[in-house]
Amino acid sequence: MSAANVQKTCESTREKLKPAIDRIEKFLNENALPELDQNQTEESTAFYKGFLSDLRHLLVFSEVSYEKLGVVLRRANFDVEFAEKALYNTYHQSVNGFFYPKNECYSEDGRYAYTGQDAIRFRDKPVRAVRDVILEISKTYEELRDDLAYYESDYLTQRRMQNQRNHA
């Protein structure tokens, strides 16, 4: 990928992350377990604890990516290798953190991805605020997944091949 393309990808990724970070942070600042867990059964408490834990992790991963991309873009000389590593980490931590949450309170159902319907399915029926925050940020993480698909596997393959050539 050319330096100009990598730089544009860093800029757009950073721009897309900011509103998602703000939305997650607002949700976490305004909602607590007792308010969300209205049923207070063992199952519902476990669901909301897991959900909040996953959302906190997503926030941290996304903030770290946002900051790293900022560092990449502020450097006097644009470092393509450093930038690509930041994009790779954004994909593998933030995007995967959204689509594969550890506690599996929600998941993406690919059958709905191209129908215009929400592709996110919750393990249990959540309160409206939980549903809203995930559906709002899902669009951002879907775009990032598409934008950064190269960093899913092609980037590492290219790096390995480059290393093999350098050591041959």
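Numbering starts at 1 and runs along the sequence shown.
Between D37 and K49, none of the side-chain N atoms (NZ, or NE/NH1/NH2) sits under 4.0 Å from a carboxylate O, so this pair counts as no salt bridge. Salt bridge annotation for R145-E108: present, with a cationic side-chain nitrogen under 4.0 angstrom from a carboxylate oxygen. Salt bridge status for K85 with E81: absent, with no side-chain N to carboxylate O gap under 4.0 Å. Comment: D22 engages K18 in a salt bridge, judged by a side-chain N to carboxylate O separation of less than 4.0 angstrom.
Contact check for T90 versus Y151: no side-chain heavy atoms found under the 4.5 Å cut-off. The side-chain heavy atoms of F47 and K125, taken from C-beta on, include no pair separated by under 4.5 Å. No side-chain heavy atom of R56 sits under 4.5 Å from any side-chain heavy atom of I24. In this structure the side chain of L144 never reaches within 4.5 angstrom of the side chain of Y91, judged on heavy atoms. Within the 4.5 Å cutoff, the side chain of F27 has no heavy atoms near those of the D132 side chain. Using a 4.5 Å heavy-atom cutoff, the side chains of P101 and Y106 are in contact. Between T13 and L87, the closest side-chain pair of non-hydrogen atoms falls below 4.5 Å. Put simply, the side chain of D124 does not reach to within 4.5 Å of the side chain of C105, judged on heavy atoms.
V60 and L55 fall into different hydrophobic clusters, where Ile, Leu, Val, Met, Phe, Trp and Tyr residues are linked whenever their side-chain heavy atoms come under 4.5 Å apart, directly or through other members. Linking Ile, Leu, Val, Met, Phe, Trp and Tyr whenever their side-chain heavy atoms come within less than 4.5 Å leaves V71 and F61 in two separate clusters. L73 and V64 fall into different hydrophobic clusters, defined by Ile, Leu, Val, Met, Phe, Trp and Tyr side-chain heavy atoms under 4.5 Å apart, directly or through other members.
E143 places no side-chain N or O within donor-acceptor distance of the main-chain N or O of T140, the cut-off being under 3.5 Å. D54 places a side-chain N or O within donor-acceptor distance of the main-chain N or O of N103, the cut-off being under 3.5 Å. The backbone N or O of Y66 sits less than 3.5 Å from a side-chain atom of R14, completing a donor-acceptor pair. Panel note: side chain S138, backbone L135; a donor-acceptor pair is recorded below 3.5 Å.
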TODO: Applying ring pair (Phe, Tyr, Trp, His ring centres under 6.0 Å), run through F98 and Y141 and close with a yes or a no.
DONE: CA-CA 7 Å; F98 177 80; Y141 289 97; 5.1 Å; yes
Task: Criterion side chain to side chain contact (heavy atoms under 4.5 Å, CB included) on E63 and E25, from CA distance to verdict - done: CA-CA 10 Å; E63 286 177 328; E25 194 166 37; 3.9 Å; yes
Open item on the list: L52 vs L36, test: side chain to side chain contact (heavy atoms under 4.5 Å, CB included). Steps then yes/no.
Closed with: CA-CA 10 Å; L52 289 170; L36 297 174; 3.8 Å; yes
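Between the CG atom in L58 and the CD1 atom in I137 there is a gap of 5.5 Å [rounded to 0.5 Å]. Residue L17 holds its CG atom at 13.0 Å from NZ of K68, rounded to the nearest 0.5 Å. Taken from CG in D79 to CD in Q7, the straight-line distance is 11.5 Å, to the nearest 0.5 Å. Once rounded to the nearest 0.5 Å, the distance linking CZ of F78 with SG of C10 reads 4.5 Å.
Heavy atoms from other residues, nucleotides or ligands lying under 6.0 Å from OH of Y100 number 12 at most. The environment of E43 atom CD is sparse: at most 12 non-hydrogen atoms of other residues, nucleotides or ligands sit within 6.0 angstrom. Atom CD of E30 sits in a crowded spot, with more than 12 heavy atoms from other residues, nucleotides or ligands closer than 6.0 Å. Atom NZ of K16 has more than 12 neighbouring heavy atoms from other residues, nucleotides or ligands inside a 6.0 Å radius. Within 6.0 Å of atom CD in E104, 12 or fewer heavy atoms from other residues, nucleotides or ligands are found, so the atom counts as exposed in its surroundings.
Remark: R75 is positioned above the aromatic ring of F82, its terminal NZ or CZ atom under 6.0 angstrom from the ring centre and at most 45 degrees off the axis.
In the model, S65 has no side-chain atom that pairs as donor or acceptor with a side-chain atom of S62 under 3.5 Å.
Residue R23 forms a side-chain contact (heavy atoms from CB on, under 4.5 Å) with just one option from L28, V133, L59, and that option is V133.
Minimum heavy-atom separation, Q40 to P34: NE2-O, 4.3 Å.
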